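Read the structure below first, then the notes.
In the text below, chain A, chain B and the rest are named by the order of the sequence lines, each starting its count at 1. Only a predicted model underlies this, so the values are computations on that prediction, with no experimental measurement involved.
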Amino acid sequence: MGSAAKYNAQTTENKWYNYWMEHGYFHSEVDDRESYTIVIPPPNVTGVLHMGHMLNNTIQDVLIRRARLKGYNACWVPGTDHASIATEAKVVAKLKSEGIEKSDLTRETFLEHAWEWTHKHGGIILEQLKKLGASCDWERTAFTMDDNLSASVIKVFVDLYNKGLIYRGYRMVNWDPEALTTLSDEEVIYEERQGNLYYLNYKIEGSQEVLTVATTRPETILGDTAICINPNDERFTHLKGKKVIVPIANRIIPIIEDEYVDMEFGTGCLKVTPAHDMNDKALGDKHGLEVIDIFNDDATLNSFGMHYQGKDRFVVRKEISKELEALGALEKTEQHLNKVGTSERTKAVIEPKLSDQWFLKMEDLAKPALEAVLDKDVKLVPEKFINTYRHWMENVRDWNISRQLWWGHQIPAYFYGDGKEDFVVAESKEEALTLAKAKTGNATLIETDLTQDPDALDTWFSSWLWPMTVFNGILEPDNKEINYYYPTNDLVTAPEILFFWVARMVVAGYEYRKEKPFNNVYLTGIVRDKQRRKMSKSLGNSPDPLDLIAQYGADGIRVGMLLSSPAGNDLMFDEDLCKQGSAFVNKIFNADRLIKGWEVDEDIEQPEAAKIGIAWYQSKFQKALLELEDHYSKYRMSDALMTTYKLIWDDFCSWLLEMVKPAYQAPIDAVTYAAVIKILGDNLKILHPFVPFISEEIWQSIKDRTPEEALIIASWPESHTIDEVLINDFEVAADVISGVRKIRKEKNIAFKEAITLSVLNNDKAKPTFDTVIKQLCNVSDLEYVSESVDGALSFRVKSNEYFIPIVAGTIDVEAEIKKISEELNYTEGFLKSVQKKLSNERFVANAPEKVIVIERNKQADAEAKIATLKASLASLK
RNA sequence: GGGCAAUUAGCUCAGUUGGUUCAGAGCACUUGGUUUACACCCAAGGGGUCGGGGGUUCGAAUCCCUCAUUGCCCACCA
């Protein structure tokens, strides 16, 4: 047996993953057991695994594997999201690199390219998840653009339209000039950017006077249709009813009055550009202003841009400020920090734009979803997110669900005639035709008279149905699967998509099943690097998950990720954690090697130390089971792992195995061996959710197992009563053992050298663990004495005193006196504080009886200890 | 501008209704160790006035006030 034995994760992990797959352990069918369901937050179909996914899916796998062991019918549904804007952007970029413009293609051709891309890159991420050990039911893998999921989306759209909840409106929306589509409010990220505040002079019509207006966007003057002042602003009273001339454009626009204008900001005058600002639009509507749109869809200027036509808005900003300066229309510029809306996907600066879009009315839909969370019917973990959720739900605005994209679910609205208002909404063109005929009274309409809206739906308009559509619960609301698996149990996801996705799933759940989609939502943190930066591809600070797995093994990474991942708090990822993880796996591997190396002898009797050690560990294990239950119920994954980690490493390896370990090359008795094997099996069960591979590997190597006996489908250890007395006695024994080791170290007494230990038993403690102490400290004689031993080093545990005789002359009397004096000093101080507390009448009167008893015990212990310390000192002097 | 959360050992974090030595864990660190599973190991050890200040209480890391710092979310101030 070489010392070089190390666990090889690579081969083992592949072997067992294949084994699990072959035997269909991940697959779930409806049966009599209680279901435990998780639906995966579907990653982008063409995405690749990043550290956030690793954390997320590790947690889900731990939960699902534990549920499986606990006897639930565990079902983890995997899948991917078509991610319309992200995927379309990738396809457009790919085509561009080949010299093809999207605008040159028909919708059909473009979609062919998109599907090709999807088939080529799609599902890579799911393969990566398998490396991590994810025990998803791969037979259920779903995609948001699968036929039945797509049909569900369309059905829901039509239904909501018929309920009057979806409407078409000409509104100011967030326009992404790069992706050439609108975005929902949630897809706009506001960033602080340093910019300028330009002070522009507008000439008053028929006067030499100028009016100075501050703006951050001088290029938009070409779309100005008014200047607004506050009616209460006395500085401008004389200008009421006058008109000004827009520089460069030389258009004449009115001065209007509205209290909306903040007199304190800038010059107290506001230029109004209704086409390019949400507020200006509102102001324009109120005052009946003209709307001049100066931009093309790609944010270059159109014909209203005059000589700037065709140039980008930011180029124009620079150029126009120079022209204005030359004209004397630029009073000054100031540095100004302002918030700029950017596209979540393309990072392009959002342009507010007026256009015809589809919206979903959210106000009424949100109500049951809000109540569900406030009533804790849907639990958010950690709870701090309830506030955020409530705030969003109470102020929810209508959801812009249309996107000017092709990749996605095409909106089932069919236009006829020329007007934008002439349309019908239906699940198929055929139905649409019937509807259109009825609506127009024109029986001669044919399908080609109908044109389907070219826009696609927001991706989230399909993923909000995910927990239902993966079980086909929209098309067949009464099928046995949806009735069995829904509502799902836990949802594990990132807080960033609380509004995008989680809230909307709750909304959809109540609207379509009158029931929540999941019981609990566990919100993980963001994975950050040591410098607290978010791990991202663009920063290059994110390790490749597959490289990590290759280096540390999936088990190691899983442990590494969970070692520090409090719910809702960010995870500071440090590769050292993975090292720690793989060290733990290696430790388990070696414990098993030790056990495997033992030879069993049926004829020898069980040593006392082994017997007591096993009894103790069994209680300790039961205690850990209770702790685990508590931690899991609160989604404290790192705590659950740490309980397991310490139980295995410290209690099992460092204590139990050392207690039962036979002497070198000596055999072990059969009773102890059987007990250790049983314990090992139970250990593996609680380890399995965290380290599925190594645990299955060892489980299968203990003996031949049939497929029905695989660890992955074993049953969670049974609960038994806990012997607290035994556990406490062991704590004392452990202190004694530490005391002996300390003296051995101080005095350089090698472990091989047996010693005698004398005990002055003031506690009248039962000698339960004496044989254990003898074995672990190499004590040849353990004797009880009635008075202090001369010529020995001593230490105290509780009020007992322990003596180790030392070769004459090797005791440093001075040092011993100093050490004991210090301990005496401390204990006397401690006693004093306890006495002070006990002599405080108000304490005795107010504190609960329990606390007073504890203080009295402390007092008694301290007094006894002081007595032994004094006796020791006396014997040394 | 509004709201929420956090601040405990070098690092990452526990500390549930104020009261068992409650000031903890893991890692890191120091020292010692070829004990025949594991140096990805074993053992022993050092380390914090619980962000600052004030208050309530017999008793505060824990409750209240205040200040400071950090993070997150929301919001149309040109």
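Among all heavy-atom pairs drawn from A:R397 and A:M362, the shortest one is O-CG, 3.4 Å. Taking every heavy atom of both residues into account, A:I557 and A:C578 meet most closely at CD1-SG, 3.7 Å. Considering all non-hydrogen atoms of both residues, A:D555 and A:I694 come closest at OD2-N, 2.8 Å.
No engagement by A:V585 is indicated, since no non-hydrogen atom pair under 4.0 Å with the nucleic acid exists. Within 4.0 Å of A:Y198, counting heavy atoms only, lies no atom of the nucleic acid at all. At a threshold of 4.0 angstrom between heavy atoms, the contacts of A:R397 are confined to the sugar-phosphate backbone, with no base atom among them. Within the nucleic acid shown, A:C653 comes within 4.0 Å of at least one base atom, counting heavy atoms only. Among the protein residues, A:P352 comes within range of no part of the nucleic acid, since none of its heavy atoms lies under 4.0 Å from any strand.
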Report task. Quick one: do A:E191 and A:R193 satisfy salt bridge (Lys or Arg N to Asp or Glu O under 4.0 Å)? Show the steps, please. Result -> CA-CA 6 Å; A:E191 283 179 5; A:R193 295 219 182 143; 2.9 Å; yes

Report task. Could you check A:N174 against A:M278 for side-chain contact (heavy atoms from CB on, under 4.5 Å), going step by step and ending with a plain yes or no? Result -> CA-CA 9 Å; A:N174 308 296; A:M278 305 267 180; 3.5 Å; yes

Report task. Could you check A:E753 against A:K747 for salt bridge (Lys or Arg N to Asp or Glu O under 4.0 Å), going step by step and ending with a plain yes or no? Result -> CA-CA 12 Å; A:E753 198 180 322; A:K747 292 295 150 195; over 6 Å; no

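Rounding to whole angstrom units, CZ of residue A:F751 and P of B:U35 are separated by 11 Å. To the nearest angstrom, P of B:C13 lies 14 Å from CZ of A:F573. Across the protein-nucleic acid pair, A:L562 atom CG and B:A25 atom P stand 22 Å apart, rounded to whole Å. Distance A:M572 CE to B:G10 P: 18 Å, rounded to the nearest Å. Between the CZ atom of A:F843 and the P atom of B:C58 there is a distance of 13 Å, given to the nearest Å. Straight-line distance from the CG atom of A:L337 to the C1' atom of B:C77: 13 Å, rounded to whole Å. Here B:C40 presents its C1' atom at 15 Å from CD of A:E575, a figure rounded to the nearest Å. When the P atom of B:A37 is taken as reference, atom CD of A:Q665 falls 10 Å away, rounded to whole Å.
For B:A37, neither phosphate oxygen OP1 nor OP2 lies less than 4.0 angstrom from any side-chain nitrogen or oxygen of A:R593. At B:C77, none of the side-chain N or O atoms of A:R217 fall inside 4.0 Å of OP1 or OP2 (strictly under the cut-off). For A:S738, a side-chain nitrogen or oxygen approaches OP1 or OP2 of B:A44 to under 4.0 Å. Distances shown here put every side-chain N or O of A:K742 at or beyond 4.0 Å from the OP1 or OP2 atom of B:A43.
Side-chain polar atoms of A:T643 and A:E627 form a donor-acceptor pair below 3.5 angstrom. A donor atom on one side chain and an acceptor atom on the other are not found under 3.5 Å apart for A:N400 and A:D185. Looking at A:T212 and A:K332, their side chains never bring a donor and an acceptor atom within 3.5 Å of each other.
Rounded to whole Å, the C1' atom of B:C11 lies 11 Å from the corresponding atom of B:C29. Comparing B:C64 with B:G26, their P atoms are spaced 31 Å from each other, to the whole Å. B:C42 and B:U35 have their P atoms separated by 13 Å, given to the nearest Å. Straight-line distance between the P atoms of B:U69 and B:G52: roughly 15 Å, to the nearest whole Å. Comparing the same atom, P, in B:U30 and in B:G46 gives a spacing of 16 Å after rounding to whole Å. For the C1' atoms, the distance linking B:U56 with B:G10 amounts to 36 Å, nearest Å. Between B:A9 and B:G48, the two C1' atoms lie 5 Å apart (nearest whole Å). Separating the C1' atom of B:C4 from that of B:C40 is a span of 42 Å, rounded to the nearest Å.
Heavy-atom contacts from other residues, nucleotides or ligands closer than 6.0 Å to CZ of A:R235 number more than 12.
Between A:M659 and A:Q775, every side-chain heavy-atom pair lies at or beyond the 4.5 Å cut-off. Counting only heavy atoms from C-beta outward, the side chains of A:L563 and A:M642 approach each other to under 4.5 Å.
For B:C58, its base never sits under 3.5 Å from the side chain of A:N840 at any donor and acceptor pair. No hydrogens or angles were tested; on distance alone, a donor-acceptor pair under 3.5 Å links the side chain of A:E658 to the base of B:A37. Side chain A:Y190 to base B:C76: no donor-acceptor pair is found below 3.5 Å.
RNA chain B is contacted by both A:V844 and A:A591; A:A591 maps to the nucleotide lying nearer its 5′ end (nearest heavy atom per residue).
Taking every side-chain heavy atom of A:S654 into account, B:A43 is the closest of B:A43, B:G19, B:A78. For A:K634, the side-chain atoms get nearest to B:U16 when compared with the rest of B:U16, B:A37, B:C76. If you check B:G15, B:C4, B:A78 against the side chain of A:N387, the one that comes closest is B:C4. The side chain of A:K587 approaches B:C38 more closely than any other nucleotide in the set B:A78, B:G19, B:C38. Of the candidates B:A78, B:G19, B:G15, B:G19 carries the atom nearest the A:A847 side chain, counting heavy atoms from C-beta on. Nearest nucleotide to the A:D262 side chain, out of B:A78, B:G19, B:A37: B:A78. The side chain of A:T388 lies closest to B:C73 when the candidates are B:C42, B:C38, B:C73.
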Extract from the structure each pairing of a protein N or O with an N or O of nucleotides 26-32 of chain B at less than 3.5 Å, listing the distance.
unit_1, atom_1, unit_2, atom_2, d
B:G26, O2', A:Q580, NE2, 2.7
B:U31, O2, A:K745, NZ, 2.7

N/O contacts under 3.5 Å, protein versus nucleotides 20-24 of chain B?
unit_1, atom_1, unit_2, atom_2, d
B:U21, OP1, A:K858, NZ, 3.3
B:U21, OP2, A:K858, NZ, 2.1

Query - Canonical and wobble pairing (Watson-Crick, G-U, under 3.5 Å) of RNA chain B, dot-bracket with | - result: (((((((..((((.....[....)))).(((((.......))))).....(((((..]....))))))))))))....

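Proximity of a side-chain donor or acceptor of A:S654 to a complementary backbone N or O of A:D651 within less than 3.5 Å is not detected.
Checking A:R317, A:E219, A:R217 one by one against A:Y198, the side chain to side chain contact (heavy atoms under 4.5 Å, CB included) holds for a single residue, A:R317.
For the pair A:D576 and A:K579, the salt-bridge criterion is met [side-chain N within less than 4.0 Å of a carboxylate O].
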